[in-house]
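Contents: one structure, followed by commentary.
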Amino acid sequence: MREDLVNIIRDALGRARSEGAISMEAIPEISLEIPKRKGQGDFATTVAMTLSRTTGVPAREIAEIITRYITPLPSIIEGVEIAGPGFINITLKKSFWYRMLHEIIAAGNDYGQSNIGKGLQIQVEFVSANPTGPLHVGHGRGAAVGNAISNLLERVGYRVEREYYINDAGNQMKNLALSVYARYLNMLGSDQSFPEEGYKGTYVDDIARSIIDKEGRKYFDTPKEETFRIFSKIAYDQIMSGIKEDLTVAGIIFDSWFSESSLFAGKKVDESISELRSKGYIYEDEGAVWFRSSAFGDEKDRVVRKGDGEYTYLASDIAYHKNKLERGYDQIIDIWGADHHGYIPRMEAAIEAFGYPRKKLKIILSQMVNLVREGRPVQMSKRAGEFITLREVIDEVGPDAALYIFLTRRPDSHLDFDLEVAKKASDENPVYYIQYAHARLASLAREAEKRGIAVEGSNAPEPWNPGTLELLELPEELDIIKRLYLYPDIIEAAAEALEPHRLTIYLHDLSWSLHNYYYKQRIIDDNIEKTKARLMLMKTIKIVIADALKILGVTRPEKM
RNA sequence: GCGCCUGUAGCUCAAAGGACAGAGCAACAGCCUUCUAAGCUGUGGGUUGGAGGUUCGAGUCCUCUCAGGCGCGCCA
């Protein structure tokens, strides 16, 4: 449809040119935007202002010429106006909007779906927190963002795989085992000192205690090597199952879990480094092995294998990304905590070193979350092991509020998360505004059904009759139709930009339209035909709100 | 010191390079014998951190500068 409008304008320009009204070399791209304010039409184009630059003719003059060539007005257009510095504002006929609504209703639950993704495969890797402790709030934000982005991409026709990369190799696992072991010994009366780099959280104590509960003093005297292996496994299992449980509570599901240590076991790290070596991007210096990332714009080269023969984290990360590349996705998206931003150049260097375009990998940074309570920062010290976990936050405020707050901001903006605000079932909490709209519509449908004019539900008689929708004549009603019409655009734009917060803004606006309308206009009254028309409109809003909330991972209450 | 992110209303945040920079919250003033008041209506509130530049047009792009956060390991 927008295509139709663009064509109409392009035709007008074409005729204006061939008749010599405007001289220009080529017909430029025709922009078509939706004006912010009322009274500026349904659509607007800035093409006159753009042309003003190349032709030297004042924008308003060009706009007038274009307008002249648009007449006689095509059937869907109500009027064309020139405004401001040279905008051409186009207003469509009401009949057009009724037709749109009809189409939206016909699309039903599929409304908003598109196929700009054309079935291309995208892998989104997110959370990927180390299995050395429970998830914190920052991970929660990454989880919310990754989940919403994945859902968005799916909605516009990509095939999406959600993956969690488990860093279950390296020193950290050793440290974890040592930490648990030290606590274990302490609890059994030993004065074993706690490791310097150990993990101090209370969850470590819990793991130690669970071992005592099950196996008592069994490991008090056993040879350490063996003990560490066992402790590492027990700790890993408990922490991973905790992480999975937290994610489940948040409603976030992964398609695959990829283990770092499987890369080592399968010699994939060796292979990756060898491949880079054969391409000339690996060299030895000062007893270490280096990756020549500076060849691809990194500020310096990076060590992949240390002097002691151990691989660095970067080495396995390179192998992991090589593996991802070989799995043949059309696009790889990583969602990282913003504190890892320094890693971007070296990761991109690795992608290019393997011969893939840099664009193959898109890294989204999810900024830090500051926990706040009533405006005051919540003290946290990772070193002392004192921090508030994601689970505690979710238990306190509920998953919907947590997810929604994470998603109302751009991923790369710093975020203060106020626990008291998130907890309140009040105006201050944005998620309720939307959910309330949904619940309100559900209640309305129930009420209608009770009175025998259901338009929803399995056995609802379809009240369709071509003229019914035209009874929606109020400006508020047309407003709502126009907003609903925007939905697929919003989804596509949010998916393309990988910015789920656009959806929350839209949801707020749509919910406002509903609440405002609901207050002004009684939906169910004695005029059955009008009631049906209004109920159809309400049903459509509900479908859209539900769809958007689903994409964001937020529940859609039928009652509140 | 270098690099990345962010500076927009009292607070939290929006705004494909487009029209008079918008929402929510907070403040103040109103609205429930009616389908959900977790709602609605109204009022006040701004030199978009600052200075230059590009452009017909800049919160948005470029340069400089100030402030905050985060990085700058042969840690992960």
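No experiment lies behind these values; they were computed from the predicted model shown. Throughout, protein chains are lettered first and strands after them, A, B, ... in sequence-line order, and every chain is numbered starting at 1.
- Remark: A/T50 is not in phosphate contact with B/rU55, judged by side-chain N or O atoms under 4.0 Å from OP1 or OP2.
- Side-chain atoms of A/Y311 and A/D270 form a donor-acceptor pair, as typed in the model, at a separation below 3.5 Å.
- We find that CG of A/N516 is positioned 15 Å from C1' of B/rA37, with the value rounded to whole Å.
- Residue contacts for A/H341: at a heavy-atom cut-off of 4.0 Å it reaches a base atom on one of the strands shown.
- Contact check, A/K520 against B/rU41: no side-chain N or O comes under 4.0 Å of OP1 or OP2.
- The shortest distance between the side-chain N/O atoms of A/Y506 and the OP1/OP2 oxygens of B/rA15 is not below 4.0 Å.
- For A/D168 and B/rA76, a side-chain-to-base donor-acceptor distance below 3.5 Å is absent, hydrogens and geometry of angles not being considered.
- Looking only at side-chain heavy atoms (C-beta outward), A/Y343 and A/I363 stay at 4.5 Å or farther from each other.
- Judged by distance alone with a 3.5 Å cut-off, a donor-acceptor contact links the side chain of A/H414 to the base of B/rG68.
- Considering only side-chain N and O atoms, A/R410 lies under 4.0 angstrom from the phosphate OP1 or OP2 of B/rU6.
- You cannot call A/Y436 stacked on the base of B/rG39; the centres under 5.5 Å and planes under 30° rule is not satisfied.
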Intra- and inter-strand pairs of RNA chain B in dot-bracket (Watson-Crick or G-U wobble, both distances under 3.5 Å; | for another strand)
(((((((..((((....[...)))).(((((.......))))).....(((((..]....))))))))))))....

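- Taking only distance into account, the side chain of A/Y518 never meets the base of B/rA37 through a donor-acceptor pair shorter than 3.5 Å.
- Taking atom OH of A/Y519 as the reference point, atom P of B/rG42 lies 11 Å away to the nearest angstrom.
- The pair A/D525-A/K530 does not meet the salt-bridge criterion, since no charged nitrogen lies less than 4.0 angstrom from a carboxylate oxygen.
- Counting distance only, with no hydrogens placed and no angle test, the side-chain atoms of A/H340 and the base atoms of B/rG71 include no donor-acceptor pair under 3.5 Å.
- Its glycosidic angle being more than 90° from 0, B/rC66 falls on the anti side.
- No hydrogens or angles considered: nothing links the side chains of A/T408 and A/T504 as a donor-acceptor pair under 3.5 Å.
- Under 4.0 Å is where a charged nitrogen must lie from a carboxylate oxygen, and between A/E476 and A/R483 no such pair does.
- Of the N and O atoms on the side chains of A/Y165 and A/D334, not one donor lies less than 3.5 Å from an acceptor on the other residue.
- Rounded to an integer number of Å, the gap from CZ of A/R305 to P of B/rA76 is 13 Å.
- A/K36 has no side-chain polar atom (N or O) that falls below the 4.0 Å cut-off from OP1 or OP2 of B/rG18.
- The side chain of A/W336 places no N or O atom within less than 4.0 Å of a non-bridging phosphate oxygen (OP1 or OP2) of B/rC4.
- Using a 4.0 Å cut-off between charged nitrogen and carboxylate oxygen, A/E492 and A/R502 do not count as a salt-bridge pair.
- Side-chain N/O atoms of A/R440 include one lying less than 4.0 angstrom from OP1 or OP2 on B/rA37.
- Across B/rG22, B/rC35, B/rU36, the shortest atom-to-atom separation from the side chain of A/R37 is found for B/rG22.
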